[in-house]
Amino acid sequence: MLRVIRVNMADLKATVEEAPAELTRLGGRALVSHVIYSEIPPTSHPLGKKNKLIVAPGLLAGSTAPNSGRLSIGAKSPLTGGTKEANVGGTAAQQLGRLGLKALIVEGKPANSGIYVIKVKKNGVDIIAAPELTGLGTYDTTARLRGAHGDEVSILCIGPAGEMRMTAASIASTDPQGRPSRHAARGGLGAVMGAKGVKAIVIDAAGAKAPEARDKQAFQAVSKAFIQEIMEQKATTLFSQFGTVGGLSYLSKIGALPTRNFSAGSFEGNSKIGGKSVAELNAARGGSFGHVCMPGCVVRCSNIMHDKNGKFLTAGFEYESSAMLGANLGLDDLDTVMGLEKMCDDLGLDTMELGAAIGVAQEAGLYAFGDGARVLDLMLEIAQGTVLGRVLGQGAEVTARVFGISRVPTVKGQAVPAHDPRKEIGTGIGYATNPQGADHTGVIIFEGEDTAEMVAKSRQKQLTTAAYDSVGLCQMTDPSLEVMAKLLNSFCGWNWTAEDVAEMGRATLTKELTFNRNAGLGLATDRLPEFFEEEALSPHGGTFKVPVDKFEEVLKF
Ligand code: SF4
């Protein structure tokens, strides 16, 4: 029997119920978006008691299918004011799958200003007052919780940024070594968790059995074939050898790398913060590539970085972090960029939102591009919760508003990730139209510039992404609708076609869009910032020219 846990933070009570019929064929993003759509009043305040924080593993959670342990976390976003699902690795989804949980839904707000830990285990739920965790970074928080609950538990937690309800705040998720290095980064979900007085969710599947596939033989066969397919993809070799940061110099070469607040597409210091330099540093300091962020991953894109003393610094030093905290701030010193990334990890902040916010801050004269020491000072302001720090911690849009800046790389209030839409036209269409705001929900890198073709590709990519975020598969595996149908059928005992999987993606996007429209995010919010249309991007001179009326077609199913 699959179950749903509801925790009401107003009276600190939890209920465990059998998953209602409407949720049985939903998982991950599809389930999160359904609960947001059907249970959260669209005009409610994101930090208020009517918002809900939903944690849902994908449909294959707990199984041995490759790369199938992604977790979806969602709520009404305090950053965009619309629907939000942030997708994260780590070990939590697999443990939730073993516990037979479809979702954990956190509701209400505590009457006091207390801070709590929710512990989910085989025989129920504990809600534990945890004042001793107040103000701790994610690393200290997880170390203490592992000390109290054992090394085998999975932990989702917020850092000081979430406690301060910054809208750039993330929710950290522990990797197989118990490090809070993976983040449900986007949309300010850490602020929602902080507003509910929840510092951490501890998941302990001790004593619970992994779910078994309904048709074991077929499941093994389709999993094996899928692994083969993944291993034959060119990107798999690159990711396992250099991590996602291995693509940074290529994106600089084609002119898609955000540089100095999106004022150029190529960064002269790209080789110093890209895959080759990261590899050299790892060779010298004992760091490594080919790490997995969750059990069952066969791509292994995560990396372990050491500091100057050869000690562990950070895991999961990704392309987006190096791009947004490096090139976008004009920084080419790898130690500085890695240090900023570690600070974001520990404070519980989205590196993309922060990189964009600090990029905007340069236009306000708060520092000069390339001044790493001053950027570090700005990060310390955030850590200390000064007024300036709290402004930056609200992300790029608020920073721009406070300082009267009009050149802001955001869509629906959320920072554009590290793929400049003036080079990646299809990606730009996804940024403008996806209900999540500018996000990785439709990145199309190696494609052309024909508008009609890109609209069609964006629609298909957004639909497929919604589907694999619901199945619980990592985007690095690029699964087809057919593969997802076969995995679901053999694991769950269903009889789905590829079209049924596509329909799950369509239905998810439709609910997300409807929630946004009801929340007041109309067609006029499906836009890229003007400067992408007006400023030619060096070195290729590209602008984003897709007519806005084309955006209306993208998610018309
Ligand atoms: S490919 Fe990378 S992001 Fe995906 S599951 Fe593996 S380590 Fe995590």
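The residues of the chain are indexed from 1 along the displayed sequence. Side-chain atoms are counted along with the backbone in the values below, which use heavy atoms only and exclude waters and symmetry mates. These figures come from a predicted structure and were not determined experimentally. In listed order, ligands and their atoms are each counted from 1.
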- Task: Determine, stepwise, if the pair Thr508 / Glu512 fulfils side-chain hydrogen bond (donor to acceptor under 3.5 Å, both in side chains).
- Result: CA-CA 6 Å; Thr508 301; Glu512 292 172 350; 5.9 Å; no
- Will you find, in the side chains of Thr80 and Gln414, an N or O donor that is under 3.5 Å from an N or O acceptor? no
- Item | Donor-acceptor under 3.5 Å (Ser458 side chain, Met454 main chain) | no
- Any non-hydrogen atom of Gln475 lying under 4.0 Å from ligand 1? no
- Any idea which heavy atoms bring Ser173 and Val88 closest together, and the distance? CB-CG2, 3.7 Å
- Query: What is the ring orientation for His440 with His419, classed by angle as parallel under 30°, tilted 30 to 60°, or perpendicular over 60°?
  - Reply: perpendicular
- Message: Below 2.8 Å, which protein N, O or S atoms neighbour atom 2 (Fe) of ligand 1, ignoring water?
- Response: Cys301 SG
- Item | Listed once per pair and sorted, the side chain to side chain donor-acceptor pair (under 3.5 Å) pairs that draw on residues 333-342, sequence neighbours left out | Arg285-Asp335, Thr314-Glu341, Asp333-Thr336
